[in-house]
Amino acid sequence: MNGKQGLGEKVAVEKRGSERQGTGLVFVISAPSGTGKTTLLRKVMEALPDLRFSISYTTRSPRANEKEGEDYHFIPCDRFQEMVERGEFLEWAEVVGNRYGTAKATIEGLTSEGFDLLLDVDTQGAKKVKEKLGHSILIFILPPSYETLRKRLITRGLDSPEIIRSRLASARTEIEEAYRYHYVIVNERVEEAAEELKAIIIAERCRRNKDRVLAESNREWEEEYGKNNGGRLLEDGGEPV
Ligand code: 5GP
């Protein structure tokens, strides 16, 4: 089963929330292939409203169960090159022989509508997003161990032994990049990892909302405090009016 299924479906489901306003947050998630990132992201998307998945463009062919416009936009190499030349990508990279890119239009469209975005990109992509969108939040998902990752790659049965070897080699290099990220989550048990990821997203939302919440609270205080003559006590010593 393709773990990314459902992410695209979720994107299509519009959520109209009164709390959704201003510019959305950008969460950049990287993980070595086989870490279980897709299942994790799906769980978090189901649990948190106003979160959207940024659908990348790729020159890779779709795997069984992957759908155009849900998992990726699958495009030929020449179309990808045209997009590169027209400057349509916020970032793009070559990963294990294929090219992958995040379109500027996807990010600008969804964040300006106030949606918080999850970007599933490799470590090269994360570095570029961080340079271009300084406010982005970088989260690295670690496999519990080398052996677990090796077994997961074999049992999911998607890749040839040669590709598995190359994925394990890239995993090693990617993990070395993890220290650049703001957060690291070990995906040993997906339920726990999902709780941690949700907690990070909720905490970052609270941080983003701080100024707005304080401004609203101050406005209310001013109004009530004014009406209440600064909390003057009643002449008979009762509660403030
Ligand atoms: P897969 O082919 O297994 O779906 O993805 C391979 C790698 O490409 C993963 O590490 C994934 O995070 C990365 N990737 C997917 N989309 C993008 C993208 O838009 N930009 C970059 N830089 N990497 C991506």
Side-chain angles (χ1 to χ4, degrees), residues 1-8 11 26-42 44-45 52-75 77 79-81 83-84 87-111 117-133 136 138-143 149 152-160 162-178 180-181 184-185 187 197:
M1 173 184 144
N2 164 26
K4 262 195 196 158
Q5 231 181 5
L7 289 177
V11 170
V26 175
F27 295 95
V28 181
I29 321 280
S30 302
S33 182
T35 307
K37 173 181 54 182
T38 312
T39 314
L40 178 62
L41 297 190
R42 190 173 49 194
V44 171
M45 297 269 317
R52 294 291 179 273
F53 180 71
S54 156
I55 300 168
S56 296
Y57 288 75
T58 183
T59 59
R60 155 164 98 58
S61 314
R63 296 181 183 130
N65 297 330
E66 279 186 332
K67 289 198 186 116
E68 163 57 36
E70 285 187 9
D71 300 277
Y72 284 105
H73 298 291
F74 297 96
I75 58 171
C77 294
R79 168 99 202 282
F80 195 99
Q81 184 57 29
M83 289 182 74
V84 171
E88 290 179 24
F89 288 121
L90 176 72
E91 65 75 36
W92 68 271
E94 192 166 317
V95 185
V96 199
N98 293 299
R99 293 163 106 189
Y100 298 81
T102 309
K104 286 179 188 164
T106 309
I107 307 299
E108 287 164 5
L110 288 167
T111 55
L117 266 187
L118 289 181
L119 268 65
D120 168 353
V121 301
D122 78 328
T123 50
Q124 310 169 71
K127 204 170 163 186
K128 289 183 214 158
V129 175
K130 181 76 189 147
E131 280 162 18
K132 293 189 178 162
L133 307 177
S136 53
L138 272 56
I139 305 167
F140 195 92
I141 315 294
L142 270 180
L149 183 61
R152 280 184 191 166
L153 285 172
I154 294 170
T155 49
R156 76 178 186 173
L158 291 176
D159 301 311
S160 65
E162 193 196 331
I163 296 284
I164 291 179
R165 263 193 297 280
S166 110
R167 288 203 189 280
L168 286 168
S170 349
R172 181 72 223 133
T173 328
E174 286 182 284
I175 290 170
E176 281 166 16
E177 294 289 314
R180 294 181 194 278
Y181 286 62
V184 171
I185 295 175
N187 190 13
L197 183 51

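Just follow the structure's listing: the first ligand is 1, and inside any ligand the first atom is 1. Owing to the predicted nature of the structure, the values given are computational and were not obtained by experimental measurement.
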In chain order, what residues pass the ring-ring contact (aromatic ring centres under 6.0 Å, His included) check against F27, with sequence neighbours excluded?
-> none
Close approach of G101 to ligand 1, heavy atoms, under 4.0 angstrom = yes
Check against side chain to side chain contact (heavy atoms under 4.5 Å, CB included), L119 and I107 | CA-CA 9 Å; L119 268 65; I107 307 299; 3.6 Å; yes
Taking the side chain from R167 and the backbone from P32, do they hold a donor-acceptor pair closer than 3.5 Å?
-> no
What atoms in ligand 1 come closer than 4.0 Å to a heavy atom of G125?
-> 22 (N)
Using a strict cut-off of less than 4.0 Å between a Lys/Arg side-chain nitrogen and an Asp/Glu carboxylate oxygen, indicate whether R172 and E176 qualify as a salt bridge.
-> yes
Ligand 1 contact by R63, heavy-atom criterion under 4.0 angstrom | yes
Given that the side chain starts at C-beta and the backbone is N, CA, C, O, which of these parts of R60 lies under 4.0 Å from ligand 1, counting heavy atoms, or is it both or neither?
-> side chain
Do any N or O atoms from the side chain of K104 and from the backbone of G87 form a donor-acceptor pair under 3.5 angstrom?
-> yes
Step by step, work out the side chain to side chain contact (heavy atoms under 4.5 Å, CB included) result for Y57 and F89.
-> CA-CA 9 Å; Y57 288 75; F89 288 121; 3.9 Å; yes
Which residue from D120, N98, T106, V95 reaches closest to atom 14 (N) of ligand 1 through any of its heavy atoms?
-> D120
Would you check whether S33 has a nitrogen or oxygen atom less than 3.5 angstrom from a nitrogen or oxygen atom of ligand 1?
-> no
Measure E66 to ligand 1 on non-hydrogen atoms and call it side chain, backbone, both or neither using the 4.0 Å cut-off.
-> neither
Flag, side chain of K132 to backbone of L90, donor-acceptor distance under 3.5 Å | yes
Can you find a non-hydrogen atom of Y72 under 4.0 Å from ligand 1?
-> yes
Sequence neighbours left out, what passes side chain to side chain contact (heavy atoms under 4.5 Å, CB included) with Q124? Give chain and number order.
-> A93, V95, D122
Going by the atom numbers of ligand 1, which of them fall below 4.0 Å from some non-hydrogen atom of K37?
-> 11 (C), 12 (O)
Is there a nitrogen or oxygen of W92 sitting under 3.5 Å from a nitrogen or oxygen of ligand 1?
-> no
Stepwise side chain to side chain donor-acceptor pair (under 3.5 Å) check, R52 with T106 = CA-CA 10 Å; R52 294 291 179 273; T106 309; over 6 Å; no
Any atoms of ligand 1 less than 4.0 Å from a non-hydrogen atom of A93? List them with their elements.
-> 22 (N)
Under 3.5 Å, N or O to N or O, is E174 touching ligand 1 that way?
-> no
Hey, is Q124 one of the residues with a heavy atom under 4.0 angstrom from ligand 1?
-> no
